[in-house]
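See structure below.
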There are 2 protein chains.
Amino acid sequence: MLSYTEENYLKALYHLMVEKDTKPEAGTNELAAYLGVKPATVNDMLKKLKDKKLITHERYGKIRLQTSGRKLAIEIVRKHRLWETFLYEKLDFNWHEVHDVAEQLEHIQSPKLIEKLDAFLNYPSFDPHGDPIPDKDGNMPKSQRRPLSKSVEGCRVVILGVSEHSELFLNYLSDNHIGLNDKFTVERITPFDETMRLSSKKNPDILVSNKAANKIQVTCLRSDCGCGKM
Amino acid sequence: MLSYTEENYLKALYHLMVEKDTKPEAGTNELAAYLGVKPATVNDMLKKLKDKKLITHERYGKIRLQTSGRKLAIEIVRKHRLWETFLYEKLDFNWHEVHDVAEQLEHIQSPKLIEKLDAFLNYPSFDPHGDPIPDKDGNMPKSQRRPLSKSVEGCRVVILGVSEHSELFLNYLSDNHIGLNDKFTVERITPFDETMRLSSKKNPDILVSNKAANKIQVTCLRSDCGCGKM
DNA sequence: TATAAAAGTTAGGCACATCTAACAAATTGT
DNA sequence: ACAATTTGTTAGATGTGCCTAACTTTTATA
Ligand SMILES: [Mn+2]
Ligand SMILES: [Mn+2]
Ligand SMILES: [Mn+2]
Ligand SMILES: [Mn+2]
């Protein structure tokens, strides 16, 4: 049985490695910064996780998840995203409110609870941020999400998710009436700064900066718009 | 902000005091036994709770909850019972399975979560064991529950709850097809050992020992059966 | 009332998760 | 290649929650 803290270290390692499409390894300082603790603290924990055969790490070397550690990390990600979905779908939480509560709920120990919750939610594949929810065997559903910034003029897109979860960004989207599963047409892209002008049923004119468009994940609804979708 | 452990001490004190209709005070050994820790451990915690003005306690004296401590304890009881209701009503947990998971869930910190959960469950007044759920101001709903053993021959009763939560007892009830809100007629009470013979639609002949009848809480559906109901 | 039993306290210690401060190794840049 | 910077490690300390063992106070009982 892992402690609350050990679980958070595994999950942090998993996220650091997924969000790094180069080598799946992390450093002590990097992990410390991510978790908001000091490198010395991480070092103590590395010893414990190594003893439990969840990671590999040798002195002055890089940290890697072992298969057992990755499996546990994915279980925690699964719980986190199922709880986020529950809060959003069933309890009417806002987009930006679900994460912090899920940070607590993800540590509840009860396999039955998670299976029942999954069933209650109808076995969802994606959470309210559009992130994939691993199934009970740890398989991640695939989606052809791509940043909105890759779309071209004339594209008809649907919002599948976001790649940043900050309250600031999520509120910015809400304020601009951009929500999960909303559909938009890319009307115009300003050449100089690539600001996008979108239209939707609810709102005929929405301006989205390139910075924001990079964080908004969409899929293209037409195959003939030339946006480079496979 | 209280720790997980501090919350459990407050809740334990509350339960010890409610379940004792004499003086609302508890002893060190009593509390230690209830929580499954050693008296020395309790002593350390008493110091902390006293510093936080949640209890009163002087050397070799009895422990009492202060108003602030009682209020916090009731909040935890509220969370516990709402979660039990959620697990039972929405996730199809069995009677005896809800408690252990609720022991974990009761410590999740999010006022919004609890208010939303309460609304989602339609502001229930009683949990799956028939125990009262305090409202958000800490008021306990009243019910005229009384042990089944107080009923007399001819009484028509409905099961409102149980005063013991062990898996053994709850499974005993399930095995005998006795469930929450089920209705029974008291057909016969054996004079010598007060064993009760009940009948219901599902099952025309159920034998209930006096030991069990003491733990089953009912309300009488007729006013003329002479069972002493007010 | 004296003694035995029960209840409560204290001292000292341990595991966990964290810190600071000092140090060592590896990497980078001139 | 050497120095400077970054990265990682170690030692020693703290607070929480728990323990055992020894002690003291209160309560029960002979
Ligand atoms: Mn977490
Ligand atoms: Mn998410
Ligand atoms: Mn608890
Ligand atoms: Mn209950």
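Below, each value reflects all heavy atoms present in this structure, side chains not excepted, and no hydrogens, waters or symmetry copies. In what follows, chains carry the letters A, B, and so on, assigned in the order in which the sequence lines appear, proteins first and then strands, with residues in each chain numbered from 1.
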### Query
Is there a donor-acceptor pair under 3.5 Å between the side chain of A:T219 and the backbone N or O of A:V157?
no
### Message
Tell me the interatomic distance from A:E6, atom CD, to C:dA15, atom C1', rounded to whole angstroms.
### Response
12 Å
### Message
With nearest nucleotide decided by heavy atoms, which residue, A:N43 or B:D44, maps closer to the 5′ end of DNA chain D?
### Response
A:N43
### Message
Regarding A:K47, tell me which of base, sugar-phosphate or nothing describes its non-hydrogen contacts under 4.0 Å with the strands shown.
### Response
nothing
### Selection from C:dC19, D:dT9, C:dT9 that lies nearest to any side-chain heavy atom of B:L46
C:dT9
### Geometric cation-pi criterion, A:K90 with B:F120: 6.0 Å, 45°
no
#### Entry: B:H99 ring center near B:H129 ring center (under 6.0 Å)
no
### Message
Nearest to the side chain of A:P39, heavy atoms from C-beta on, is which of D:dG8, D:dT9, C:dT10?
### Response
D:dT9
### Query
When you measure from the side chain of A:H57, which nucleotide among D:dG8, D:dT9, D:dT10 comes out closest?
D:dT9
### Task
Under 4.0 Å between any heavy atoms, over every strand shown, what does B:T5 touch: base, sugar-phosphate, or nothing? Just pick one.
sugar-phosphate
## Note on the structure
Here the distance between atom P of D:dT16 and atom CD of B:E7, to the nearest Å, is 16 Å
#### Entry: Length of the CG-P vector between A:D51 and C:dC16, whole Å
10 Å
### Query
OP1, OP2 of C:dT10 versus side-chain N and O of B:R59: anything below 4.0 Å?
yes
### Query
Which residue lies toward the 5' end of DNA chain C, A:A40 or B:N29, if each is placed at its nearest nucleotide?
B:N29
### Query
What's the CD-C1' distance between A:E30 and D:dG8, to the nearest Å?
13 Å
### Task
Send over the distance from A:L16 CG to D:dT7 C1', rounded to a whole Å.
15 Å
### Query
With no hydrogens and no angle check, is any side-chain donor or acceptor of B:N176 less than 3.5 Å from a backbone partner on B:I178?
no
### Query
Expressed in angstrom and rounded to an integer, what is the separation of A:L2 atom CG from C:dA15 atom C1'?
16 Å
### Query
If only side-chain N and O atoms of A:T28 are considered, is one of them under 4.0 Å from the OP1 or OP2 phosphate oxygen of D:dT9?
yes
### Message
With a cut-off of less than 4.0 Å, is there a side-chain N or O of B:T41 near OP1 or OP2 of D:dC19?
### Response
yes
Which atom pairs, donor and acceptor, lie under 3.5 Å between side-chain atoms of residues 162-169 of chain B and protein residues at least two apart or in another chain?
{"unit_1": "B:S163", "atom_1": "OG", "unit_2": "B:K215", "atom_2": "O", "d": "3.4"}
{"unit_1": "B:E164", "atom_1": "OE2", "unit_2": "B:S166", "atom_2": "OG", "d": "2.8"}
{"unit_1": "B:H165", "atom_1": "NE2", "unit_2": "B:D131", "atom_2": "OD2", "d": "2.8"}
{"unit_1": "B:S166", "atom_1": "OG", "unit_2": "B:F169", "atom_2": "N", "d": "3.1"}

#### Entry: Rounded distance in Å - CD (A:E25) to C1' (D:dG8)
15 Å
### Query
C:dT18 phosphate, OP1 or OP2: any side-chain N/O from A:Y9 under 4.0 angstrom?
yes
### Query
How close or far is atom P of D:dT14 from atom NZ of A:K38, stated in whole angstroms?
18 Å
### Query
Considering only side-chain heavy atoms of B:Y60, which listed nucleotide, D:dC19, D:dG8, D:dT26, is closest?
D:dT26
